[in-house]
**Q** 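If you scroll down you'll find the structure; I have some questions about it.
Naming: A, B, ... by sequence-line order, numbering from 1 per chain. Just so we're clear, the structure is a prediction, and the values are computed from it rather than from any experiment.
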Protein chains: 2
Amino acid sequence: MTILDVAERLAQTRGYNGFSYADIAAHLGVTKASLHYHFPSKADLGCALIERYQAGFSAALEVINSQSAKPMRKLHQYVGLYDSVLRNDRMCLCGMLAAEYETLPAPMQDRLKVFFDINERWLTALLQDGRRSRSFSFKESAKGRARLLLAAFEGAMLVARSYGDSSRFQSAATQLLKNLIGG
Amino acid sequence: MTILDVAERLAQTRGYNGFSYADIAAHLGVTKASLHYHFPSKADLGCALIERYQAGFSAALEVINSQSAKPMRKLHQYVGLYDSVLRNDRMCLCGMLAAEYETLPAPMQDRLKVFFDINERWLTALLQDGRRSRSFSFKESAKGRARLLLAAFEGAMLVARSYGDSSRFQSAATQLLKNLIGG
DNA sequence: GTCTATAGGTGGATAGAC
DNA sequence: GTCTATCCACCTATAGAC
């Protein structure tokens, strides 16, 4: 378990303002001071968290893209990324940080939007592909649809977590894919 | 400006863990100690915040119900409640608190779910009415649809706020109403 | 790299005068 | 009801020994 592993879990369950160096130190059995050697300030740690999360997410998106699957199957796999986070009793890191946006250091705010932008671009491309191949059917702009899906997934995670009921997320995602994109 | 007014704004913009008695006191020009006279603990204040927010929301829902408008018009008015919050540069109080759920005192957690439950019930009833009168058309359960709408609205607010762009919310809401409920 | 020790600040909360 | 004064716990962060 690395510092980032522990910090990530804490940030995804309690939020950036909901954990401290002391929490991480306690979980790892080290002192707070040693953490500052690796991440001088909490803002540094926060930026590293988003960057690593982003990198992991991007890698997962590439894996999905590398398969020659139908667009709808790729979309289901995308939903699976969120679902696995939720089943791990966590909220999407960036959805969590979005709530705390106004309290975040500026460098974290910037990286947060990059995460959403990358997801939006990936989803937009998938939706365009799917519509071209007549796998998807929708009238609005692909970008608008992508934004809607992303926001709806984040919101569904947010509410599902309050109820400790991941089926709420799955129900929402299923409806979205069936009624909003539907072939 | 009352204590609750100031605290509400802070909670909606910075989150429950993102403001302190000192912040409220500074905005009101009083001391922290005097705040504790009205709300002994921060949990008391938090509960009062949710209860007042809930009461205001319920009152707004009754106003909508009291009109003899078409179901779709009522739904648009419901969306307008969220939109006005966002235009005020705020996030829905309960969407905000949902992110911080795990760090909240138990009494706040309970009240938070009550808020969502009440919204879900109101939306479910409206969707059922609309379907009965053939104003709405959807195949899934009204309850499932209600949950989806609520979660999607919260998520759309969440993301829109990070971009400081309320049109992102409006675009999402418009798509949801047109494609998910559509007549 | 990790430790001890500590600084300087802020958190929520209380006692008691007015 | 609001104030001053204060408490103690916790926060982020640094200095310097090992």
Side-chain angles (χ1 to χ4, degrees), chain A residues 1-53 93 96-97 99-112, chain B residues 1-53 93 96-97 99-112:
Chain A
M1 285 275 271
T2 70
I3 296 170
L4 286 175
D5 291 333
V6 176
E8 185 181 73
R9 159 158 277 270
L10 288 168
Q12 287 184 266
T13 51
R14 305 178 54 87
Y16 180 74
N17 296 322
F19 77 92
S20 69
Y21 273 59
D23 295 323
I24 306 171
H27 275 81
L28 290 174
V30 297
T31 60
K32 291 183 291 174
S34 66
L35 301 179
H36 282 281
Y37 171 80
H38 300 279
F39 302 99
S41 77
K42 197 180 177 185
D44 295 324
L45 173 59
C47 286
L49 278 179
I50 303 178
E51 285 167 4
R52 194 181 72 146
Y53 193 77
L93 175 66
M96 198 68 148
L97 297 179
E100 299 175 293
Y101 187 82
E102 200 147 309
T103 72
L104 299 180
M108 288 184 66
Q109 293 180 333
D110 296 339
R111 283 163 177 78
L112 185 59
Chain B
M1 286 274 273
T2 69
I3 296 172
L4 286 175
D5 290 333
V6 176
E8 185 181 73
R9 158 157 277 268
L10 288 168
Q12 288 185 264
T13 52
R14 306 179 53 89
Y16 180 73
N17 297 322
F19 76 92
S20 69
Y21 274 58
D23 295 324
I24 306 171
H27 275 81
L28 289 174
V30 297
T31 61
K32 290 187 294 173
S34 66
L35 302 179
H36 282 281
Y37 171 80
H38 301 278
F39 303 98
S41 78
K42 198 180 176 185
D44 295 325
L45 173 59
C47 286
L49 278 179
I50 304 178
E51 284 166 4
R52 194 181 72 148
Y53 194 77
L93 175 65
M96 199 66 149
L97 297 179
E100 300 174 291
Y101 187 81
E102 200 147 309
T103 71
L104 298 180
M108 287 184 67
Q109 293 180 333
D110 296 339
R111 283 163 177 79
L112 186 58

**Q** Send over the distance from B:H38 NE2 to C:dA13 P, rounded to a whole Å.
**A**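 Checked: the NE2 to P distance equals 15 Å.
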
**Q** Check whether any side-chain heavy atom of A:L104 lies under 4.5 Å from a side-chain heavy atom of A:N17, and answer yes or no.
**A**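 Side-chain contact under 4.5 Å: no.
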
**Q** Taking C-beta and beyond as the side chain, do A:K42 and A:L35 meet within less than 4.5 Å on heavy atoms?
**A**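 Result no, sub-4.5 Å side-chain heavy-atom pair not found.
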
**Q** Quick check: do A:L45 and A:I24 have side-chain heavy atoms less than 4.5 Å from each other?
**A** yes

**Q** Whole angstroms only, please: what is the CG-P distance between B:L45 and C:dG11?
**A**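 The distance from CG of B:L45 to P of C:dG11 comes to 14 Å, rounded to the nearest Å.
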
**Q** Would you indicate whether the side-chain heavy atoms of A:R52 and A:T2 approach each other to under 4.5 Å?
**A** yes

**Q** Please say whether more than 12 non-hydrogen atoms of neighbouring residues, nucleotides or ligands are located less than 6.0 Å from NE2 in B:H36.
**A**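 Result for NE2/B:H36: enclosed.
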
**Q** Atom CG of B:D44 to atom C1' of C:dT14: distance rounded to whole Å?
**A**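 One finds 14 Å between C1' of C:dT14 and CG of B:D44, rounded.
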
**Q** Round to the nearest Å and state the distance from B:I24 atom CD1 to C:dA13 atom P.
**A**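 Those two atoms, CD1 and P, are 11 Å apart.
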
**Q** Which distance, rounded to the nearest 0.5 Å, do you find between the CZ of B:F19 and the NE2 of B:H27?
**A** 11.5 Å

**Q** Quick one, which residues of residues 28-36 of chain B touch DNA chain C with a heavy atom under 4.0 Å?
**A**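 Of all residues in residues 28-36 of chain B, the ones placing a heavy atom under 4.0 Å from DNA chain C are B:K32, B:A33, B:H36.
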
**Q** How long is the span from the CG atom in B:L4 to the CZ atom in B:R9, to the nearest 0.5 Å?
**A** 15.0 Å

**Q** Looking at B:Y37, does any N or O in its side chain come under 4.0 Å of the phosphate oxygens OP1/OP2 on D:dT2?
**A**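 No, B:Y37 has no side-chain N/O under 4.0 Å of OP1/OP2 on D:dT2.
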
**Q** Residues from residues 11-21 of chain B sitting under 4.0 Å of DNA chain C, heavy atoms only?
**A** B:F19, B:S20, B:Y21

**Q** Can you tell me how far the CE atom of B:M108 sits from the CG atom of B:D44, to the nearest 0.5 Å?
**A**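 Between B:M108 CE and B:D44 CG, I get 10.5 Å after rounding to 0.5 Å.
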
